[in-house]
Protein chains: 2
Amino acid sequence: MPTILIVDDEQDIRELLAMKLQKEGFETLEAPDGLEGEKMASEHQPDLVVLDLMMPGKDGISVCKSMRKEARTSKIPILMLTARGGMDEKIAGLELGADDYMTKPFSPKELVLRVRNILRRTMAVEGGSVIEVGPFRLDKNNLKFYLNAEEIDLTSTEFKLLHMLIEIPGSTRERDELLEKVWGYSNQTQTRTLDTHIKRLRAKLGEYGACIETVRSVGYRYKESSN
Amino acid sequence: MPTILIVDDEQDIRELLAMKLQKEGFETLEAPDGLEGEKMASEHQPDLVVLDLMMPGKDGISVCKSMRKEARTSKIPILMLTARGGMDEKIAGLELGADDYMTKPFSPKELVLRVRNILRRTMAVEGGSVIEVGPFRLDKNNLKFYLNAEEIDLTSTEFKLLHMLIEIPGSTRERDELLEKVWGYSNQTQTRTLDTHIKRLRAKLGEYGACIETVRSVGYRYKESSN
DNA sequence: GATGGCAGTGACAAACTTGTCACAACGCTA
DNA sequence: TAGCGTTGTGACAAGTTTGTCACTGCCATC
């Protein structure tokens, strides 16, 4: 489950972000200022840093610069936050090595979306075209799926669905999101199709079917079995 | 069509390799010694270098070292060749940044296989999960295929087949290879299945169907249309 | 230009895939 | 624990996909 470090001087914002991200299955760390943020990034090696631009003391730009210079943090993706929508800052941030940029106010949904996009991007580059989580291995190149080294036939719908679910382990995918990405359905389409396919997937995964957790009223999530 | 630089002091070997690689649709360059090899690598920026380890003058190890140091050649993948199967050299080669290693004598088939594997690996990292060639775009993440920005539905078999064909444009894929990779058939299975699927693919590609060339008695190959 | 081998094609039936529905089961809240 | 909304499930039928086959057409070689 990816860990995300939140660096912001306003406690309210930190807590709000942390809550939203935790709801999605991410683990969170918090730092109240730039220096502390740098220290935690280096120590805990989070998978992503959400970094506020405007902070008293060491600001976001400086933190970004420092992180990019230090070997232990140079590759950690950074999502910049700022209150203003100025283009100059955006460009400065991106040039300094931030991976994305978001202006306040933002919706929690947008935050989660951007976080996931960055993680997907960086994980895809690192992991190549094979996703391995727990006993699952999903080979996008050959469209093959393995459970504990045993190949299991998936239909292309099942493949897409499982792909979405394990792409970022632990994060919850909303029904609407799955319906849109896998089926191309527009929001709020009323259908039992997703449920049925989840059932079929679980059946094919046998005892590991339990790894696909239902998140009531929200969607589904992949979670490694605790055995 | 990828270009491959062959660096070997023996003319016979160079020509043999060049012939086999050309037969697969690659373009080839040849250099008779290490220094010349370095120069050509820097100038022509080939997609891969086949590098002999044992050469009079500047040997393969040194060339490899130099190439990795120079910016223009540091990222070009290297396939090392050597007459002996010594583990020490293998390790030395791989540590120096060679991408793969092959001991003589080797079959032309093995050569082509390794070359293709390296290219696939490096191209996959560079290009991410979307393959774009000519008017085709194949999105492995979402299992979608576009022809000139228009989405075209492919069945999963068609997707796999097309993927194999355009993965390394211009290189010929043998019938046996396609049957094995796409269908899991063992070698020399006698079937018209492949032909039928090629027909269906061509039909879906419309006027671009011609991009899939028949290589009589061998297999098929993707080739960009000359318009 | 005959011959043999290889590839293209249309038709077809079997198998598979998929969305829907009705109903059962479940979980949360009052 | 009753009620309500959400999810799980088995069955089913329509649609899609797939491999095979017989036949046609093409190409290279003799």
Side-chain angles (χ1 to χ4, degrees), chain A residues 23 143-145 151-165 172-186 188-223, chain B residues 23 143-145 151-165 172-186 188-223:
Chain A
K23 222 178 107 190
L143 298 185
K144 288 187 172 174
F145 170 69
E151 184 174 348
I152 291 187
D153 267 339
L154 296 184
T155 72
S156 63
T157 309
E158 286 159 0
F159 193 92
K160 284 185 211 174
L161 182 55
L162 186 58
H163 179 214
M164 290 244 68
L165 289 172
T172 304
R173 318 306 302 247
E174 294 180 14
R175 289 181 71 91
D176 275 354
E177 197 190 356
L178 292 167
L179 283 169
E180 193 202 317
K181 295 264 177 68
V182 177
W183 283 272
Y185 286 6
S186 61
Q188 290 155 24
T189 303
Q190 171 67 38
T191 176
R192 313 302 320 286
T193 300
L194 173 57
D195 306 68
T196 302
H197 275 270
I198 289 283
K199 181 193 62 169
R200 287 170 183 156
L201 247 187
R202 283 175 172 156
K204 286 201 182 175
L205 299 183
E207 60 178 314
Y208 296 94
C211 291
I212 300 178
E213 278 189 339
T214 303
V215 182
R216 202 178 164 81
S217 295
V218 182
Y220 296 90
R221 143 167 56 188
Y222 167 82
K223 189 171 184 189
Chain B
K23 222 178 106 190
L143 298 184
K144 288 188 172 173
F145 171 68
E151 184 175 349
I152 291 186
D153 266 340
L154 296 184
T155 71
S156 64
T157 310
E158 286 160 359
F159 193 92
K160 286 185 209 174
L161 182 55
L162 185 59
H163 179 216
M164 290 244 68
L165 288 172
T172 303
R173 318 306 302 247
E174 294 180 14
R175 289 182 70 92
D176 274 356
E177 197 191 354
L178 292 167
L179 283 169
E180 194 203 316
K181 295 263 177 67
V182 177
W183 283 273
Y185 285 8
S186 61
Q188 289 154 26
T189 303
Q190 170 67 40
T191 176
R192 313 303 319 286
T193 301
L194 173 57
D195 306 66
T196 302
H197 275 271
I198 289 283
K199 182 193 60 170
R200 288 171 183 155
L201 247 186
R202 282 176 174 154
K204 286 200 181 174
L205 300 183
E207 60 179 313
Y208 295 95
C211 292
I212 300 179
E213 278 190 340
T214 303
V215 182
R216 202 178 164 79
S217 296
V218 182
Y220 296 90
R221 141 168 57 188
Y222 167 82
K223 190 172 182 189

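Proteins get letters first, then strands, A, B, ... in listed order; numbering begins at 1 in each. These figures come from a predicted structure and were not determined experimentally.
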**Q.** Distance test, side-chain N/O of A/Y220 to OP1/OP2 of D/dG8, below 4.0 Å
**A.** yes
Q: Enter the distance from A/T155:OG1 to A/H197:NE2 here, rounded to the nearest 0.5 Å.
A: 6.5 Å
Q. Closer than 4.0 Å, any side-chain N/O of A/T214 to the OP1 or OP2 of D/dG8?
A. yes
Q | Inter-axis angle, terminal five-pair segments of the helix from C/dG1-D/dC30 to C/dA30-D/dT1 [nearest 10°] | A | 40°
**Q.** Under 3.5 Å: donor-acceptor pair, side chain of B/R173, backbone of B/M164
**A.** yes
Q: Could you tell me the separation between the CG atom of B/L161 and the C1' atom of D/dT18, rounded to a whole number of Å?
A: 13 Å
**Q.** Interatomic distance, B/I198 CD1 vs D/dT18 P [rounded to whole Å]
**A.** 14 Å
Q) Out of D/dT6, C/dC6, D/dG10, which nucleotide sits closest to the side chain of A/K199? A) D/dG10
(Q) The test is side-chain contact (heavy atoms from CB on, under 4.5 Å); show your working for A/E180 and A/D176 and say whether it passes. (A) CA-CA 6 Å; A/E180 193 202 317; A/D176 275 354; over 6 Å; no
Q. B/T155 has a side chain; which of D/dT17, C/dA7, D/dG8 sits nearest to it?
A. D/dT17
Q | d(CG, B/L201; C1', C/dT9) in whole Å | A | 15 Å
Q. In whole angstroms, how far is the P atom of D/dG8 from the NZ atom of A/K204?
A. 18 Å
Q: Would you mind reading off the distance between A/L143 atom CG and C/dT17 atom C1', rounded to a whole angstrom?
A: 16 Å
Q) Residues two or more places apart in sequence or in another chain: which of them pass side-chain hydrogen bond (donor to acceptor under 3.5 Å, both in side chains) with A/K204? A) A/E158
Q.
Minimum heavy-atom separation for B/W183 and B/L178, please, with both atom names.
A. CE3-O, 3.7 Å
**Q.** Straight-line distance of B/H163 NE2 to B/L143 CG, nearest 0.5 Å
**A.** 10.5 Å
(Q) Run the side-chain contact (heavy atoms from CB on, under 4.5 Å) test on B/L161 and B/L194 for me, step by step, so that the C-alpha distance in whole Å, both residues' side-chain angles and the decisive distance to 0.1 Å come before the verdict. (A) CA-CA 9 Å; B/L161 182 55; B/L194 173 57; 4.0 Å; yes
Q) Atom CG of B/D153 to atom C1' of D/dT16: distance rounded to whole Å? A) 11 Å
Q.
Just N and O in the side chain of A/R175: are any of them under 4.0 Å from OP1 or OP2 of D/dT7?
A. yes
(Q) So which atom in A/T214 and which in A/Y220 form the shortest heavy-atom distance, rounded to 0.1 Å? (A) OG1-CE2, 3.6 Å
Q: Write down the atom of A/R202, the atom of A/I212, and the distance for their closest heavy-atom approach.
A: NH2-O, 2.8 Å
Q) Between D/dT6 atom P and A/D195 atom CG, what is the distance in whole Å? A) 11 Å
Q: Using a 4.0 Å cut-off on protein heavy atoms (strictly under), produce a 5'-to-3' string for nucleotides 19-30 of chain C with B for base contact, S for backbone-only sugar-phosphate contact, and - for none.
A: BBBB----B---
Q) What's the CG-P distance between A/L178 and D/dT7, to the nearest Å? A) 12 Å
